There are 2 protein chains.
Amino acid sequence: MQPVACQVEGWQNAGAKIVETAAFMVSGTTNGEFPETMIKRTKGVTISQVADAAGVARSSVSRAFTRPDMLSPETVDRILRAAETLGYVPNHTARALSTGRHGNIGLIVPDIANPFFPPLIQAAQTEADRSDFCVFLGNTAESPKQEDKLVGRFAGQVEGLVLASSRLSDERIRAHARQLPLVLINRDIEGIPRVLIDSSAGVRQAVEHLANLGHRRIAYVSGPAASWSNKQRRSAIRAGTTARGMELSIIPTPAPTYQAGREAVASVLQTGASAVVAFDDLTAQGILTGLAERNIVVPRDFSIIGCDDVLGAMTFPALTSVSNHSADVGRIAISMLLDILRSRSVADVRYALDTKLVIRDTTAQAPGR
Amino acid sequence: MQPVACQVEGWQNAGAKIVETAAFMVSGTTNGEFPETMIKRTKGVTISQVADAAGVARSSVSRAFTRPDMLSPETVDRILRAAETLGYVPNHTARALSTGRHGNIGLIVPDIANPFFPPLIQAAQTEADRSDFCVFLGNTAESPKQEDKLVGRFAGQVEGLVLASSRLSDERIRAHARQLPLVLINRDIEGIPRVLIDSSAGVRQAVEHLANLGHRRIAYVSGPAASWSNKQRRSAIRAGTTARGMELSIIPTPAPTYQAGREAVASVLQTGASAVVAFDDLTAQGILTGLAERNIVVPRDFSIIGCDDVLGAMTFPALTSVSNHSADVGRIAISMLLDILRSRSVADVRYALDTKLVIRDTTAQAPGR
DNA sequence: ACTTGACATGCAACCGGTTGCATGGAAATC
DNA sequence: GATTTCCATGCAACCGGTTGCATGTCAAGT
């Protein structure tokens with residue numbers, strides 16, 4: 001088969017952007033002339049058709065599905081049988097319109113590729129599923145503008161929203177909370193239900209651990225300025241180092257990514273620090289690479305501690321990290337949101353999960369001691 | 001603040017499962033008595049209210065938003081102004097009900113935590129966004145049952161669906177394709193539009209690369225049985241090794257995960273192979289760890305090649321891998337789906353993207369040569 | 001001045017369910 | 001046997017938009 005330009009009819013429009021990608025091959029035929037031959041789509045069976053088939057009113061069909069106890073068992077049976085044979089499936093949209101509930105909840109995260117989020121997302125989805133809710137996931141790529149847009153777009157189609165590590169301003173978040181039920185993850189705004197990973201205990205242990213190993217001068221490679229977690233971790237470190245008379249340098253990064261960590265290494269080394277605490281594991285992993293590139297051996301020459309503990313033993317050497325329960329956070333946030341939806345009342349709940357340091361192979365005695 | 005049991009009213013129901021998680025603290029108050037004091041939610045402004053305010057019929061308001069060219073500029077202006085001051089925002093659900101299009105598309109993946117998917121998802125979301133579509137993401141956790149369920153639940157709320165690396169049977173997929181527009185990723189079913197990563201070229205190069213390095217006996221740590229990519233990669237390897245008279249062992253795994261790779265190492269070593277090709281990068285990374293645990297040095301003692309090339313330099317040593325364009329795949333799949341929705345006709349398109357080997361630091365001369 | 005069109009807007013049906021209220025028949029009560 | 005009660009079911013309005021068709025107005029054409 002020869003690589004050919006994409007000329008399949010009714011699809012060419014997308015050509016421009018597709019051509020730029022890679023070598024590719026397209027084969028196949030269109031069904032432009034016989035639109036019905038390929039896959040014929042079954043059009044929706046409505047409640048009225050079922051009603052006719054079963055010889056009852058539309059309302060009875062509706063009740064057979066939603067409140068079967070209101071009908072006699074035989075009628076229910078007859079209706080369900082008719083529905084079955086016709087292949088009836090309730091129209092979600094119509095139901096949503098009249099009841100006001102569509103059984104969807106939204107989950108918005110800043111970066112789906114950050115390993116912190118997948119477990120959280122997965123747990124959220126599982127929890128929602130238990131209550132027959134569907135999770136719509138949004139990814140903001142760390143952009144507040146994109147986040148605002150996504151929230152707006154989701155607003156009409158979900159009953160409630162979970163914002164994880166939101167990069168929006170307090171005002172924007174409050175504004176959205178006025179539109180629909182909101183639960184925050186790692187964002188502490190009074191009056192809005194929130195579940196937080198309280199890193200302070202873990203970070204305190206991290207500083208203590210480094211102090212015990214003889215490190216006197218350390219650096220914190222920070223996360224996004226809009227991140228609550230970042231502020232919290234930073235101040236916990238500052239408190240810890242100050243209390244022990246250690247020197248602390250703060251290294252800013254544009255976003256918590258592998259690349260950013262790698263690029264932060266230069267600045268870190270300039271500070272003369274012998275150990276670093278990174279905003280998250282991904283950043284720490286980048287730092288690990290940046291150090292390796294400079295032939296600095298971890299942990300012999302340099303110690304690293306991450307946060308989130310989501311990479312675990314997947315780095316080399318295995319990363320010492322501040323552990324949290326990212327999956328739990330997702331599950332709890334959804335659970336809170338569902339409860340709000342059920343009770344139709346918002347409690348000012350602030351749920352904080354504890355953290356602790358998990359020591360692995362990236363921390364050791366400070367060099368020269 | 002003392003850790004306290006969660007007794008916040010209207011939220012206790014979830015207590016059982018939350019208690020089991022970790023140390024936690026809850027503070028805050030409920031607004032049970034003054035449900036309106038905290039965050040007062042604005043209820044929806046309808047088209048009728050805008051119509052009244054602007055002194056026109058409901059239909060005109062509708063047209064002001066959807067077909068402004070049908071109205072006189074002044075009327076449009078007046079209506080928009082009224083809508084603005086009232087804070088009107090069109091009800092997505094109602095619109096969907098009457099038009100039949102809700103502007104959502106679904107994307108279902110087997111494992112969101114597998115680094116292959118995030119770039120794909122991100123690209124899909126961006127592409128959908130360009131056409132003002134919203135992506136609903138589903139995660140099946142590698143379970144066909146869960147996948148079936150998700151598809152069913154999505155069916156009512158999305159205009160079309162992209163199934164990435166589906167684990168469903170051909171029959172189930174065909175059945176779903178009868179219900180709504182479907183585009184497949186890495187699944188080759190005739191009659192259903194699909195975009196495929198054709199690993200054969202890259203895998204061929206991988207085998208050749210290993211052969212040139214003097215490896216005579218290699219292993220393939222395979223992926224899910226239901227995976228098309230797995231079958232394809234396996235047969236490409238088999239063809240390559242057979243052609244060169246190399247010995248090949250196939251090691252099965254339950255799922256393409258880090259853990260599975262790590263556990264596969266024992267079987268791999270039993271085969272006496274000096275090099276391994278893994279189904280994907282995640283599996284390869286697991287193998288890397290499994291080898292390190294046994295003090296087998298890569299690439300001196302053993303060579304590894306992954307597939308997908310999504311970890312890039314994030315492993316140590318940096319992983320040699322068969323590259324593909326996972327982001328492109330996501331973008332193209334969405335673009336195809338949108339085209340199908342626009343044209344309302346399904347073409348039997350088969351779009352295959354090429355791959356090539358990217359050599360890094362996990363492959364070297366076979367030991368003893 | 002009268003017809004013809006074009007154009008702007010309103011009317012009302014419709015999308016596919018849900019639900020408060022009315023109705024009718026059977027069972028229970030006196 | 002007449003009256004009350006209860007329960008199963010139907011009727012019709014409603015959710016909030018969209019859209020085909022009818023209507024009315026005003027300018028152009030003859």
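To find a chain, count down the sequence lines: A is the first, B the second, and so on, and within it residues start at 1. The structure presented is a predicted model; accordingly, all values stated were derived computationally and were not measured.
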request  = Would you please test A/Q157 and B/T93 for side-chain hydrogen bond (donor to acceptor under 3.5 Å, both in side chains) and show each step?
outcome  = CA-CA 7 Å; A/Q157 348 201 19; B/T93 310; over 6 Å; no
task = Describe the nucleic acid contact of B/Y88 in one word from base, sugar-phosphate, nothing, applying a heavy-atom distance below 4.0 Å.
result = sugar-phosphate
Rounded distance (Å) that lies between atom P of D/dG10 and atom CG of A/D52 = 12 Å
inquiry  = Need one value for A/S62: base, sugar-phosphate or nothing, where a base atom within 4.0 Å counts as base even if backbone is also close, heavy atoms only.
reply    = base
task = Kindly point out which of D/dG16, D/dG10, C/dG17 is positioned nearest to the side chain of A/A57?
result = D/dG10
query = Using a cut-off of 4.0 Å on non-hydrogen atoms, how would the nucleic acid contact of A/V56 be classed: base, sugar-phosphate, or nothing?
reply = sugar-phosphate
request  = Could you pick out which residue, B/R63 or B/V89, lies toward the 5' side of DNA chain D when each is mapped onto its nearest nucleotide?
outcome  = B/V89
task = Let me know which of B/L182, B/D170, B/D348 forms a side chain to side chain contact (heavy atoms under 4.5 Å, CB included) with B/I189.
result = B/D170
inquiry  = Pair B/S72, B/T75 - check side-chain hydrogen bond (donor to acceptor under 3.5 Å, both in side chains), show working.
reply    = CA-CA 5 Å; B/S72 76; B/T75 311; 2.6 Å; yes
message = What is the distance, to the nearest angstrom, from the CZ atom on B/R95 to the P atom on D/dT19?
response =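 Rounded to whole Å, this separation is 9 Å.
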inquiry  = Within the 4.0 Å heavy-atom criterion, would you say B/S48 contacts the bases, only the backbone, or no part of the nucleic acid?
reply    = nothing
request  = Name the nucleic acid region contacted by B/T66, choosing base, sugar-phosphate or nothing; use a 4.0 angstrom heavy-atom cut-off, strictly under.
outcome  = sugar-phosphate
task = Scan A/V45 against the nucleic acid and name what it touches under 4.0 Å (heavy atoms): base, sugar-phosphate only, or nothing.
result = sugar-phosphate
query = Within the pair B/T75 and C/dT9, is there a side-chain N or O less than 4.0 Å away from OP1 or OP2?
reply =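 Yes, because at least one side-chain N or O of B/T75 sits under 4.0 Å from OP1 or OP2 of C/dT9.
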note = Between NE2 of A/H102 and C1' of D/dC15 the distance, given in whole Å, is 12 Å
note = d(B/L168 CG, B/R174 CZ) to nearest 0.5 Å is 13.0 Å
query = For the side chain of B/S60, counting heavy atoms from C-beta on, which of C/dG16, C/dG10, D/dT9 is nearest?
reply = C/dG10
request  = Calculate the interatomic distance between A/M70 atom CE and C/dC21 atom C1'; express it in whole Å.
outcome  =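 Whole-Å distance recorded here is 11 Å.
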query = Looking at D/dT9, D/dG17, C/dT9, which one has an atom nearest to any side-chain atom of B/S72?
reply = C/dT9
inquiry  = Using whole Å, what does the distance between atom C1' of nucleotide C/dC14 and atom CZ of B/R58 come to?
reply    = 11 Å
query = In terms of side-chain heavy atoms of A/S59, which of C/dT19, C/dT18, D/dG16 is nearest?
reply =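 When the side chain of A/S59 is considered, C/dT19 is the closest of C/dT19, C/dT18, D/dG16.
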ask   = Whole Å only: how far is the CG atom of B/D69 from the C1' atom of C/dA6?
value =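 That distance rounds to 15 Å.
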remark   = In whole angstroms, the gap separating C1' of D/dT19 from CD1 of B/I47 amounts to 12 Å
inquiry  = Once you apply a heavy-atom cut-off of 4.0 Å, does B/T93 come out as touching a base, just sugar-phosphate, or nothing?
reply    =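 Here B/T93 touches no strand at all.
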query = What is the ring orientation for B/F136 with A/F136, classed by angle as parallel under 30°, tilted 30 to 60°, or perpendicular over 60°?
reply =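 Parallel: the ring planes of B/F136 and A/F136 meet at under 30°.
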d(NE2, B/H92; C1', C/dC15) in whole Å =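 Distance check: B/H92 NE2 to C/dC15 C1' gives 15 Å.
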key: Side-chain ion pair, B/D339 and B/R342, N-O less than 4.0 Å   = yes
